[in-house]
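Right, one structure below, let's go through it.
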Amino acid sequence: MNKNIIYLFSAAALLASCSGKLKLTADNFSVTPTPLEYVAGEVPATISANIPAKAMPKKAIVTCTPYLKWNGGQSVGSSATFQGEKVEANNTIISYKNGGNATMRSSFPFQNGMQNSELWMQFTAKKGNKTISVPDVKIGYGVQCTAALVSETSRDANHSVAQDNFQRIISQKQAASIKFLIGQANLRGSELNSKNVQEFIQTLKNIKSDEQSLVLQNVEISAYASPDGAYSINEKLAAKRGAVSENYVSGQMKKQKLNGNIDTKYTAEDWDGFQELVKQSNLEDKDIILRVLSMYQDPEQREREIRNIATVYGELATAVLPELRRARMVINYDVVGRSDEEILSQFNADASKLSVEEILYAANCLSDNERLTSNMYVRATELYPNDYRAYNNLGVKAMEHGDYDSATSFFKKALSKNTNAGEANVNLGYMELFKGNIADAEYYIAKAATADNLKEAQGNLYIAQGKYGQAASYLSEVSNNSGALAQIMNNDYATATKLLNGIKNANAMTYYLKAIIGARTNSGSDVSENLQKAVSMDSTFATRALNDVEFAKYASIVKALR
C-alpha cells in the first residue's frame, strides 16, 4: 500500500485514539470505486481521508492497516506508520495545527468470497510508552467481480481448432518448352524427346487414364522470337512457331482421345524475356544493356544500341538469344478429390487409404456426431502420429466437455509434435484463464503467432488483464458470453445486449450477464426476468446473485429467487 495512503489513515486513527477530540467514522473517508472492483486479479482501492486541524497529537505515533474481511476470509494490506510533530523518529509527520487531506492507493490480491466483503481500517496508537486502543473503522463495502467472470465465460468461447487443408479441386499445371534454331520453326527430334516434353505427354496420358480424378481445362501455347533481326520477320517466325507447336499438341491430344481447348498466342520479339535473362547473367556490361532497355522503347533502336556494345553482343548471341527462340506449352488441369460421401464411406471401410487432410476434413466438417468426430481424430493420431492437429482437436473436444485434465494432456501432446502449434498454445492459454492464471495465459497466447480464433483468445486475455477497451474492440462482433462481457466492462451495454441476443444456445451465464446489464441501466424488470431464467437453468446463480454487489439495489428481487 502507498505510504501516503497509510499516513492518511494513521492520522485519522490517531485523532480518535489519542486526542479524544475527534471520533473517526466512515464520514472521514471516501473510497473509489465504491464498491471496489476486481481488475486483473487484484482489488485496487483509492482512499481519501480528511484529518481535521488539532486532531493529531504532537507526541503520538500511529500505525494503520487496511484490510478486507468477508465470511470466512480476510486480506490484510501493508501497514504504515506516521507521527506527531514532536516525535523523534523517521515516520511521516502530520501537523497538529493544520491537519490535512490525504489520498492513498492500495491493492488486495483477489480471493473468492471478496464479492461480499467490507473494507476496514485498523489503528494502533502510542503516546510515549502508552498504547491506546482505537476501534477499527469501516470505510467501504463489497467487491464488484464482474470482470472475473471471464474465467467462466471463456469456457464458452470459440476455442482454437486446427484446420484441415483439404481441397476437393486442386488446380495443377504441367509445362514444357521447345527451342528452335535461329530463323527456323521446325520441331526437332532432340527437343521432342527431351525430358520436359515427355513429361508433358505423360500428363496428357494420365489425364485420359483417370478422367474421374483428373480434368483437363485447356492447353496454353506461347511462342516467341528473339529480339534480333527485323520485326516483320520475327513476327511471322513467332506466329509459325506457335502454329507448329499447336499442331503438335493437337496431335498428341488426338492420340489420347482427349478433348480440350488449345489457346495459342505469340510474341514477335521477347524483350521481357531478354531483360530477365540479362539480369540473371554474368555479362560484364549487363548494366549498360539494362540501361539501354530502360532508355529506348522502339525495338529497332534497342537492337541497334545493343549491337553497338561490341564487347558483349557475341555473348548475347550465344548465351541469351537462343533461349528466347522457343514455344512454351502449359497443360492446365484439375485434380478432383473424393466427394463427402466417398470420404465417409472410405473412413468406415478402411481409413488408412485416406490422407490426413481427408480425415481431418471429415472430422471438422462432415460429422455431426460427437463420438464419430472423436473417433476420426483418434484414427488420425494413429495413422499420422506426427501431425499435431488431431491431438489439438481432441483437446478441444475434451475441453468442451469439462475434462480439463485430458484437454491439457492433448494440448501438450500437440506441442510435443510441433512446438510452434499456435492452436495448442492458444488453448493452453484458455486453460490458464479458466484457473485465473493471467500471467500464464498471456505466456501461451503470446506464443501463438497464427491460430484459428487467435484474436478472440487475445480479447479474452485483455478482459482478464483489465484492458477493457482493447477487449471490446477485439470481441465487438463475437456473439458469445465473453464478447458481451468485454462490452459490459467497457460500458457499452447496447453492443453487449446485441451480442447476447445473438447467442444461439443461451445458458445461465448468458441471462446472468443480461441481468447485470439490467442492473447497470436501472431496469428492475430486466434484472428480475433474466435472473429468474439464469436460476432456472442453474440454481447456483441464486447464491451468486445474493453476493453480487451488481444487484445491491435489487436486494428484494434477489432474495425472492431463493
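Being a predicted model, the structure only gives us computed values, none of them experimental.
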For this session: Could you please spell out the steps behind the side chain to side chain donor-acceptor pair (under 3.5 Å) verdict for Tyr468 and Asp492?
Result: CA-CA 11 Å; Tyr468 303 133; Asp492 185 352; over 6 Å; no
[X] side chain to [Y] backbone, donor-acceptor under 3.5 Å:
X: Glu211; Y: Val215; answer: no
X: Ser536; Y: Lys533; answer: yes
X: Thr381; Y: Tyr391; answer: no
X: Ser528; Y: Gly524; answer: no
X: Glu357; Y: Asn165; answer: yes
X: Asn393; Y: Ala162; answer: yes
X: Ser339; Y: Glu342; answer: yes
X: Asn392; Y: Ser160; answer: yes
X: Gln487; Y: Ala472; answer: yes
X: Asn369; Y: Arg371; answer: yes

Exercise. Could you walk me through whether Ile178 and Arg326 pass the side chain to side chain contact (heavy atoms under 4.5 Å, CB included) check?
Worked result: CA-CA 5 Å; Ile178 298 174; Arg326 72 201 189 284; over 6 Å; no
Within this structure, what is the [atom1]-[atom2] distance for the pair [X] and [Y], rounded to the nearest 0.5 Å?
X: Asn480; Y: Leu475; atom1: CG; atom2: CG; value: 7.5 Å
X: Leu531; Y: Lys514; atom1: CG; atom2: NZ; value: 12.5 Å
X: Ile169; Y: Ser213; atom1: CD1; atom2: OG; value: 11.5 Å
X: Asn460; Y: Ser482; atom1: CG; atom2: OG; value: 3.5 Å
X: Leu360; Y: Arg379; atom1: CG; atom2: CZ; value: 13.5 Å
X: Phe200; Y: Thr203; atom1: CZ; atom2: OG1; value: 8.0 Å

Below 4.5 Å, heavy atoms only, C-beta onward: do [X] and [Y] meet side chain to side chain?
X: Leu149; Y: Thr146; result: yes
X: Asp263; Y: Ile221; result: no
X: Leu461; Y: Glu442; result: yes
X: Val378; Y: Leu394; result: yes
X: Thr264; Y: Val219; result: no
X: Val43; Y: Ser107; result: no
X: Val31; Y: Thr46; result: no
X: Leu68; Y: Leu36; result: yes

For this session: Given side chain to side chain donor-acceptor pair (under 3.5 Å), test Lys553 with Asn522 step by step and report yes or no.
Result: CA-CA 9 Å; Lys553 294 191 300 182; Asn522 300 310; 2.6 Å; yes
Exercise. Taking the six-membered ring of Tyr493, is NZ or CZ of Arg520 closer than 6.0 Å to its centre and within 45° of its axis?
Worked result: no
Exercise. Which pairs with one or both residues in residues 403-458 pass ring-ring contact (aromatic ring centres under 6.0 Å, His included), sequence neighbours excluded?
Worked result: His159-Tyr430, Tyr404-Phe434
Write down the atom of [X], the atom of [Y], and the distance for their closest heavy-atom approach.
X: Val426; Y: Leu454; value: CG2-CD1, 3.6 Å
X: Gly77; Y: Phe108; value: N-CE2, 3.6 Å
X: Gln144; Y: Pro35; value: CB-CG, 4.4 Å
X: Asn206; Y: Leu214; value: O-CD1, 3.5 Å
X: Asn112; Y: Gln115; value: C-OE1, 4.0 Å
X: Ile488; Y: Leu513; value: CD1-O, 3.9 Å

Seminar exercise, completed: When Gln252, Lys208, Lys205 are each screened for side chain to side chain contact (heavy atoms under 4.5 Å, CB included) with Leu258, the one that passes is Lys208
For this session: Show your working on side chain to side chain contact (heavy atoms under 4.5 Å, CB included) between Met376 and Ser367 and close with a plain yes or no.
Result: CA-CA 9 Å; Met376 288 176 172; Ser367 174; 4.3 Å; yes
Exercise. More than 12 foreign heavy atoms under 6.0 Å from CG of Asn348: is that the case here?
Worked result: yes
Exercise. Does atom CG of Asn259 have more than 12 heavy-atom neighbours, drawn from other residues, nucleotides or ligands, at distances under 6.0 Å?
Worked result: no
For this session: Carefully, step by step, assess Arg338 and Leu354 under the rule side chain to side chain contact (heavy atoms under 4.5 Å, CB included).
Result: CA-CA 10 Å; Arg338 292 181 176 92; Leu354 293 174; 3.6 Å; yes
Would you check if there is a donor-acceptor pair between the side chains of [Y] and [X] at a distance under 3.5 Å?
X: Asn116; Y: Tyr141; answer: no
X: Trp120; Y: Gln122; answer: no
X: Asn481; Y: Glu152; answer: no
X: Asn332; Y: Asn218; answer: yes

Problem set entry | Residues Val356, Arg389; criterion side chain to side chain contact (heavy atoms under 4.5 Å, CB included); working and verdict | CA-CA 10 Å; Val356 65; Arg389 292 174 294 176; 3.8 Å; yes
For this session: State whether Lys455 and Glu477 are salt-bridged, where the test is any N-O pair (Lys NZ or Arg NE/NH1/NH2 against Asp/Glu carboxylate O) under 4.0 Å.
Result: no
Exercise. Asp340 and Arg168: salt bridge (charged side-chain N to carboxylate O under 4.0 Å, His left out), yes or no, with the steps?
Worked result: CA-CA 9 Å; Asp340 292 354; Arg168 177 158 287 113; 2.5 Å; yes
Exercise. Using the benzene-type ring in the case of Trp, are the ring centres of Tyr462 and Tyr474 under 6.0 Å apart?
Worked result: yes
Problem set entry | Contact list for residues 403-426, test salt bridge (charged side-chain N to carboxylate O under 4.0 Å, His left out), sequence neighbours left out |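 Residue pairs with at least one partner in residues 403-426: there are none.
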